[in-house]
S.K.: 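After the structure tokens below, expect a handful of questions from me.
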Amino acid sequence: MRDAMHGAVRLTDYAPAAWTVEHVALTFALDPHATRVTARIRFRPNPDAAPGQGLWLDGEQLELVSATIDGTPVSPEVSAEGLSLPASALPAGGFDWEAVTVIDPASNTSLDGLYMSNGMYCTQCEAQGFRKITYYPDRPDVMARFHVRIEGDQRVKLSNGNPVASGAGWAEWDDPWPKPSYLFALVAGDLLSHDDSFTTASGREVALKIYVRPGDEDRCAYAMDALKRSMDWDERAYGREYDLDLFMIVAVDDFNMGAMENKGLNIFNSKYVLASPDTATDRDYELIEGIIAHEYFHNWTGNRITCRDWFQLCLKEGLTVFRDQCFSADQRSEPVKRIADVLQLRARQFREDAGPLAHPVRPTEYVEINNFYTATVYEKGAEVIRMLRLMVGDAAYRQALDLYFERHDGEACTIEDWLKVFEDATGRDLSQFALWYSQAGTPRVAAQVDYTGGTLTLTLTQEVPPTPGQPVKAPMVIPVATGFLAPDGSDAAPAQVLELTAARQVFTFEMPERLVVSLLRGFSAPVILEMARTPAERAFLIAHDSDPFNRWEAARNLATDTALAMAADPDLPADPALVAALATLAADESVDPAFRALALTLPSREALAQESFQRGTAADPDAIERALTDLATAVATGGAEVFNDLYDRYATPGAYCPEAGDAARRALRATALGYITRLDPRGIAAGTLFGAATNMTESLSALSLLVREDAPSATAALATFYERWKADRLVIDKWFTLQAMASPSGVALERARQLAGHADFDWKNPNRFRALIGGFAANPTAFHRADGAGYRFVADWLLKLDPLNPQTTARMAGCFETWARYEPGRQALIRAELERMAAEPGLSKNTREIVERILG
Ligand code: 0A1
Ligand code: ZN
């Protein structure tokens, strides 16, 4: 690996901080270009650290005006990363540090630290933004109580904890809970709030406030409702109550990520707060619900118990993702949520695990920590906890969690602490299980079934592929939930969880007749399962498996095989068995419409490219596109009657309701319309729906079909849509995304170029940049054009954004991580763009790390 790891931070280098912080008092005199920050910090020697050490405070892009220790001016040694004082300058028993720094929030385009968005001040401190505010030991294991005073003429001035006092031009806040600096937040602006309250299980009243820009206040109701449901769920499912008298959410338009769990003051990308039926889709509502829950759940898993160092990020993120997944499953349909989560895991995490950016759930080194907020840390981290729960059982899981909260409240912990509570609560030895945290790569499990003389033999083997820096792997603990189906389709024996712990293991079952084995039910482990199935067996599982995940999976596997076979052979017709199975399922009124919508959705172009590569054939984006179009047309033809019928019957009359039942009907109806439109390239039906739609979900699905087909009415529909919504930034993001992502390969690049010149393409806004440039990179046939022009377009824009916003650029550079999947010509073109980026002398550390790791 070139010199990507130059300057890397390593897990093995962890040492406790020499000085801990007992209390911090911050005063902010707000000014767009010269905000003055006064920090009074009470330091104490850390009894866990070697004595007699000097003081190191992180600090970046700060102008130091003055510094004193116990009131006496000092002259620390200052560098671009921070400042230091020798032990000789420090009273051994502790001291009060006071420093004045000046910062420039209006020029802060990185959206990290204190910055401005639409005239409002806001902060983002995870992972290391606090050091851009003042000099501080900016590491999560230093936890302190914060008192904050904000001076400025804004109507609203907020920080963490409880409001203690305010007057004309100032407000003070006090947070009684010790916290690391990454959870610090400040917001000031002319905002309005949507208010409500929640009574906790023990009867305490909590005021709830969602702050937004004037004009957005009537779009907060759903987020508020989701918040109250989250608070209630955490009490019931985990026994966790909220611990302050006030909980605030602020929506900002300029934000690098989804949202942030700052103590008592969550800051959200406005996209994940604001919703009304005419501007937000069902998917938006679902995401708002999930992200509101995620950030709220962090109050216990992240804030009360935090991470000792950033290598332990999955301690809070894996657990909190798992908790939000369970919450959403409870609020909606559990099987449908599981399928959606697995689709996402495969699309993002399996992809990462199979490429040059693969890393363990707990990485052991990084150059830029912000590059490790990954699908592996988050989603695979959640899968690991899901496996743990499955293996120990629900009751023991809850006991272990109770012990975790009891033992570690107020601490900064490690994965070892986490596993230890499970060992102590259950008596199990989890040393082999711990490999899930240290070994990267998606395990492949091969299954072979034999039946002779009344004995069914199941042979399971596992192999964990080599990944960067990890050529050889040990066998993992893989829980394989297994069921057996009788010939009539019923469950013949109770389902059980087999534990695969060796490279090869044989399980035997006595049974008078050969039963069909249903393996890895509910996707019980994040592995790739390889198992030869006869077409008849597949059809049987699609029709009968009582495990909805595996029922869906059987249909998906059949569709994948068919599509890849058609990609390899343009003359091959679609498998009639698949077409028939999908039509039958579509018409099965006993099945949840949301499940049917998922099962009827063919694998994405991206998923097929990944699968093709895994099976040893370089992915050909054009062949995949053609095969999918042909397959979709065949399904549309075979199921025409059913789709027309569904489209007619599944309308949702009456007022729009975002809940699961109506959303499911709309999803199935949109899927049906997608097939109907395959046979109606002029987009008559889609055009009609577009004209009649009374909610964003239907309007957008109709519009994207018109764009996908390049229908004659598409241009006018896009113009109508733009005219109607041009004042609404979140809707206009959708307008950009849709055109970049759904346009056919022949026109997509030209259209993306035109859109990049549109007056509304405010590329410095991350949502807008992601909408167009990210949308284009997610249009595989356009991005992977054989002439490389798609790669160049994206690389040009990344190079333009990098100096302003390295975090978002680095994150988006991940679009190149799949280069190895493609034929040598495309590989060379992608690598040329990466080389061009790497050669840029001023490339940020963030983007450089990603680019160099991808180049290998
Ligand atoms: N902790 C947040 C995610 C987050 C991480 C980094 C950020 O800025 C670089 C912002 C948010 C979460 O898991 O929701
Ligand atoms: Zn999180």
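Counting starts at 1 for both ligands and their atoms, in listed order.
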S.K.: Taking both backbone and side-chain atoms into account, decide whether Glu295 has an N/O/S atom under 2.8 Å from the Zn ion (ligand 2).
M.R.: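 Glu295 does not place any N, O or S atom closer than 2.8 Å to the Zn ion (ligand 2).
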S.K.: Examine Phe761 together with Trp797 and report whether their ring centres are nearer than 6.0 Å.
M.R.: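 For Phe761 and Trp797, the ring centres are under 6.0 Å apart.
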S.K.: Taking only heavy atoms of the protein into account, state which residues are under 4.0 angstrom from an atom of ligand 1, in chain and number order.
M.R.: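 Residues Gln124, Glu126, Met257, Ala259, Met260, Glu261, His294, Glu295, His298, Lys316, Glu317, Asn370, Tyr373, Tyr378, Gln807 each place a heavy atom under 4.0 Å from ligand 1, listed by chain and number.
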S.K.: Can you list the residues that meet the side-chain contact (heavy atoms from CB on, under 4.5 Å) rule with Arg145, with sequence neighbours excluded?
M.R.: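 Arg145 satisfies side-chain contact (heavy atoms from CB on, under 4.5 Å) with His23, Pro178 once adjacent residues are dropped.
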S.K.: Measure from NZ or CZ of Arg304 to the centre of the six-membered ring of Trp177 and say whether it is under 6.0 Å with the direction within 45° of the ring axis.
M.R.: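 Yes, Arg304 lies over the aromatic ring of Trp177.
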S.K.: I'd like to check the side-chain contact (heavy atoms from CB on, under 4.5 Å) partners of Ala400; sequence neighbours left out, ordered by chain and number.
M.R.: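 Ala400 satisfies side-chain contact (heavy atoms from CB on, under 4.5 Å) with Phe422, Ala425 once adjacent residues are dropped.
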S.K.: Of all N, O or S atoms in Glu317, identify the one at the shortest distance from the Zn ion (ligand 2).
M.R.: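 Per the distance ranking, Glu317 contributes OE1 as its closest N/O/S atom to the Zn ion (ligand 2).
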S.K.: Output all residues satisfying salt bridge (charged side-chain N to carboxylate O under 4.0 Å, His left out) with Asp138, sequence neighbours left out; order by chain, then residue number.
M.R.: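 Here the qualifying residues are Arg131.
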S.K.: Side chains of Trp233 and Tyr296: any donor to acceptor distance under 3.5 Å?
M.R.: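 No pair is found: no donor N or O on one side chain lies under 3.5 Å from an acceptor on the other.
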S.K.: To check your reading of the site, what angle at the Zn ion (ligand 2) do NE2 of His294 and NE2 of His298 form, to 10°?
M.R.: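 About 100°, to the nearest ten degrees.
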S.K.: For the CD atom on Glu411, are there more than 12 heavy atoms of other groups (residues, nucleotides or ligands in this structure) within a distance under 6.0 Å?
M.R.: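 Atom CD in Glu411 is crowded, with more than 12 foreign heavy atoms closer than 6.0 Å.
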